[in-house]
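Reading through the structure tokens given below for one structure.
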Number of protein chains: 2
Amino acid sequence: MTIRDVAKDAGVSVAAVSKVLRDAYGVSDALRANVRASMDKLDYRPLAAARGMRGQTYTIGIVLPDLRNPFFADIMDGVNTALERTQYRAMVGISQSSVETEMGIVESMIDRQMDGMLMIGSTEDRKNLDIIARRKPLVTIGHHDPEATTFDTVNNHDQQGAMLVVKHLAVNGYRKIAMFSLVSGTSTILIQRELGYRRGMMEAGLGKHINITSSSQILREVQLNARRLLTGPQRPDAIFCWTDLIALEVISVARELGLDIPNDLAVVGYDNTMFCDFAQNNLTSIDQSGEQLGLQAARLLIERIKGRAVTEHFVVTPRIVVRQSSTPAAISA
Amino acid sequence: MTIRDVAKDAGVSVAAVSKVLRDAYGVSDALRANVRASMDKLDYRPLAAARGMRGQTYTIGIVLPDLRNPFFADIMDGVNTALERTQYRAMVGISQSSVETEMGIVESMIDRQMDGMLMIGSTEDRKNLDIIARRKPLVTIGHHDPEATTFDTVNNHDQQGAMLVVKHLAVNGYRKIAMFSLVSGTSTILIQRELGYRRGMMEAGLGKHINITSSSQILREVQLNARRLLTGPQRPDAIFCWTDLIALEVISVARELGLDIPNDLAVVGYDNTMFCDFAQNNLTSIDQSGEQLGLQAARLLIERIKGRAVTEHFVVTPRIVVRQSSTPAAISA
DNA sequence: GAAAAAATGTAGAACGATATACGTAGAACG
DNA sequence: CGTTCTACGTATATCGTTCTACATTTTTTC
């Protein structure tokens, strides 16, 4: 089943069929209907590889850091919603939070003629992103770079989100508020969240309690760091974790140490993923509306593929969703 | 940077370069070294789209039902390990547990000239899988069909896994053991787990307590069904959930109802995902070694792509990992 | 040392789309 | 009524590989 078969069946030229396929200029309604009918009849499907040789593949590549953080599922829901009514399809690559793998995936997506790329929570720096963007339309989620001109960015206001957390904790009487962050020199969202945390602490007059622990994402290391933090000389009475998944691990360690949450320790996460709502977690978190982020990013990417050249930076306002893990009152009530 | 540039630089024919690229027969060591040097020097990367026109794209398509179940991350770890040293790359499509979407993704992967497909937890029936397998090498994970001859299957022994659960619960004194299953007429792993549950109950002399509740995966519906189960006239004293994620939701509902786990209610999951270990869950589960499943599946798929025609069916033996959610003794101890 | 076999390399026709350049008919214009 | 537009279609070069068929050289065999 090739474009030639369709052309023959419809009694028109190959070029005419191609035009119909691409919604290109210069096709009468009659011709279009005729060709469409033949395509349906023959159950014709264009081969992306062949299209890719000269034009588009109608495929966008999505790079995810890992599959364990449920937040990415929220984002993908939004992406899929945005793509639903288009002829674009998403193919996902998993970088396992490694920069080399990430670049490898991007390369292999370019080799595979993806029309554009959406990088989520990328750890690349601006230079590398610029290099990619020069080759293919690019949109990032979770990379702050308001000065970027070669690619679009989609974010929530991470600094503000972190400040919301600190403010909420301070209002609820917590003082020794620590932050559990991620070791990753280049992640701009971490930088913003740490900044927000510091600013929040200063504004609450808690500057002297600023305390940031950084850890990789490896489960064992997270546990080790959490345990160290909770058994150290200056045990915090609240921990703000950079993502829900880490918060759940911190809760786990705290429970094992016999600490009561939220009375001995408050824990707050980020992303407001579905796990926060479970009664055994009941985790206060920042909602950055992953679905919205995914939707906007996909929209921007398709616009870019279609030719938009001016850069857009989309920012969502985060909001805090308060649950029991940070509200001692709720437990006594 | 095309194959022609490399050929020119190395002073050989285009065909020679192509042979080196494909590890094809008829290349001397000297030629290979020469060509490889030019490829490195020019930083050449073959274009998958062009390769796809005649040969392989060295890309395998992986179809995942959803991104929220952390079990799939374990599988993907195995897949990536298996692919690491090959020139194959994985591209993932998310079907959102919908049969139409699943078929759509498969179609679009075939359009994109994937060399083979790995379908995980597919809800397709044998007929559809046969149709796919006739077009592309296919391996499934989580689809029992020992009679299948057109594709390979990789599974754990789900029936045995379910029996392990029932036996364990019975030994610990639980009697009214219910099962929380998934509405999905065609999923063979669910059929096997339900069968194992029934057999286990019969063998434990608990036939009259057999009680299977089925629900979709939608969070609200799961909660509703769990609540109905736990507040009904014949409240079970243990619930075996078909996957960890559901078990976590059941624990949540039970906690909200004021039930103590494991004294009022035991909960057991399946897949032994990372969340089971968290202290707030402490969930007994069946380990089916997702990483092993992924590794074997990827290996089988590449073998098939390379030409193996005889079918293989790989089965892992499940083992139970006992935690507090099903051992009342542990809590009093 | 001639014939056969194996090893190594090359030329060039595919693969299935896209997109440029162009032809032709009918409409609009003055 | 001739000219210029516009709308609609077509012919075909092109994209970057693969792979068959073949030519040449080297090795093996008797």
Side-chain angles (χ1 to χ4, degrees), chain A residues 1-36 38-39 42-59 87 107-108 110-115 135-136 305-307, chain B residues 1-36 38-39 42-59 87 107-108 110-115 135-136 305-307:
Chain A
M1 264 321 116
T2 76
I3 198 173
R4 244 165 285 274
D5 301 316
V6 177
K8 192 176 296 172
D9 183 86
V12 299
S13 73
V14 167
V17 179
S18 176
K19 281 192 179 184
V20 171
L21 224 45
R22 289 173 290 129
D23 280 322
Y25 173 83
V27 190
S28 65
D29 289 351
L31 180 81
R32 191 189 335 272
N34 178 16
V35 169
R36 281 265 151 76
S38 286
M39 295 200 306
L42 301 178
D43 203 19
Y44 164 77
R45 300 181 60 93
L47 196 67
R51 307 183 91 170
M53 294 288 295
R54 296 200 50 104
Q56 302 186 40
T57 56
Y58 298 93
T59 311
Q87 53 176 328
E107 290 290 350
S108 91
I110 291 177
D111 297 343
R112 282 161 185 78
Q113 296 286 92
M114 303 280 171
D115 295 337
R135 299 216 271 162
K136 289 284 172 188
I305 290 171
K306 291 199 172 145
Chain B
M1 264 321 116
T2 76
I3 199 173
R4 241 167 288 273
D5 301 316
V6 177
K8 192 177 295 169
D9 183 86
V12 298
S13 73
V14 166
V17 179
S18 176
K19 280 189 178 184
V20 170
L21 223 46
R22 289 172 292 127
D23 278 321
Y25 172 84
V27 191
S28 65
D29 289 350
L31 180 81
R32 193 189 333 274
N34 177 16
V35 168
R36 281 265 151 75
S38 286
M39 296 199 304
L42 301 178
D43 203 19
Y44 164 76
R45 301 181 60 94
L47 197 67
R51 307 182 90 170
M53 294 286 296
R54 298 206 43 112
Q56 302 187 39
T57 55
Y58 298 94
T59 310
Q87 53 176 329
E107 290 290 349
S108 91
I110 292 177
D111 297 343
R112 283 161 183 79
Q113 297 287 90
M114 303 282 170
D115 295 336
R135 300 215 271 162
K136 290 283 171 188
I305 291 171
K306 291 198 172 149

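Excluded from the calculations below are hydrogen atoms, water molecules and symmetry mates; all remaining heavy atoms, backbone and side chain alike, are included. What you are looking at is a predicted structure, and each value in this text was computed from that prediction instead of being measured.
Distance from the side chain of A:Leu21 is smallest to C:dT18 among C:dT18, D:dC15, D:dG9. Counting only heavy atoms from C-beta on, B:Tyr25 has its side chain closest to C:dT8 among D:dG16, D:dA7, C:dT8. In the set D:dT10, C:dA14, C:dA17, the nucleotide with an atom closest to the side chain of A:Tyr44 is C:dA17. Comparing D:dG9, C:dA19, D:dG16 by their closest approach to the side chain of A:Lys19 singles out D:dG9. Each of D:dT17, C:dG16, D:dG9 was ranked by its minimum atom distance to the side chain of A:Arg4; first place goes to C:dG16. The side chain of A:Val12 approaches D:dT10 more closely than any other nucleotide in the set C:dA17, C:dT10, D:dT10.
At D:dG9, one or more side-chain N or O atoms of A:Ser28 fall inside 4.0 Å of OP1 or OP2 (strictly under the cut-off). For A:Ser13, a side-chain nitrogen or oxygen approaches OP1 or OP2 of D:dT10 to under 4.0 Å. For the pair A:Arg22 and C:dA19, the criterion of a side-chain N or O lying under 4.0 Å from OP1 or OP2 is met.
B:Leu21 places a side-chain heavy atom less than 4.5 Å from the side chain of B:Arg51. Side-chain contact between A:Asp115 and A:Tyr58 is present, with heavy atoms from C-beta onward closer than 4.5 Å. A:Glu107 is listed as a side-chain neighbour of A:Arg135, based on a closest heavy-atom distance under 4.5 Å.
Under 3.5 Å, the side chain of A:Arg54 and the base of C:dA17 form no donor-acceptor pair of N or O atoms. Not a single donor-acceptor contact under 3.5 angstrom links the side-chain atoms of A:Arg51 to the base of C:dT18.
Between A:Arg22 and A:Ser18, the side chains place a donor N or O and an acceptor N or O closer than 3.5 Å (distance only, hydrogens not considered). Under 3.5 Å, the side chains of A:Arg112 and B:Thr57 contain no donor-acceptor pair of N or O atoms.
A straight line from CD1 of B:Ile3 to P of D:dC15 spans 15 Å, rounded to a whole angstrom. A:Leu42 places its CG atom 15 Å from the P atom of C:dG16, with the value rounded to the nearest Å. We find that CE of B:Met39 is positioned 15 Å from C1' of D:dG16, with the value rounded to whole Å. Rounded to an integer number of Å, the gap from A:Gln87 CD to C:dT18 C1' is 13 Å.
Base pairing annotation: C:dG30 forms a Watson-Crick or G-U wobble pair with D:dC1, both donor-acceptor distances under 3.5 Å.
Residue contacts for A:Val14: at a heavy-atom cut-off of 4.0 Å it reaches a base atom on one of the strands shown.
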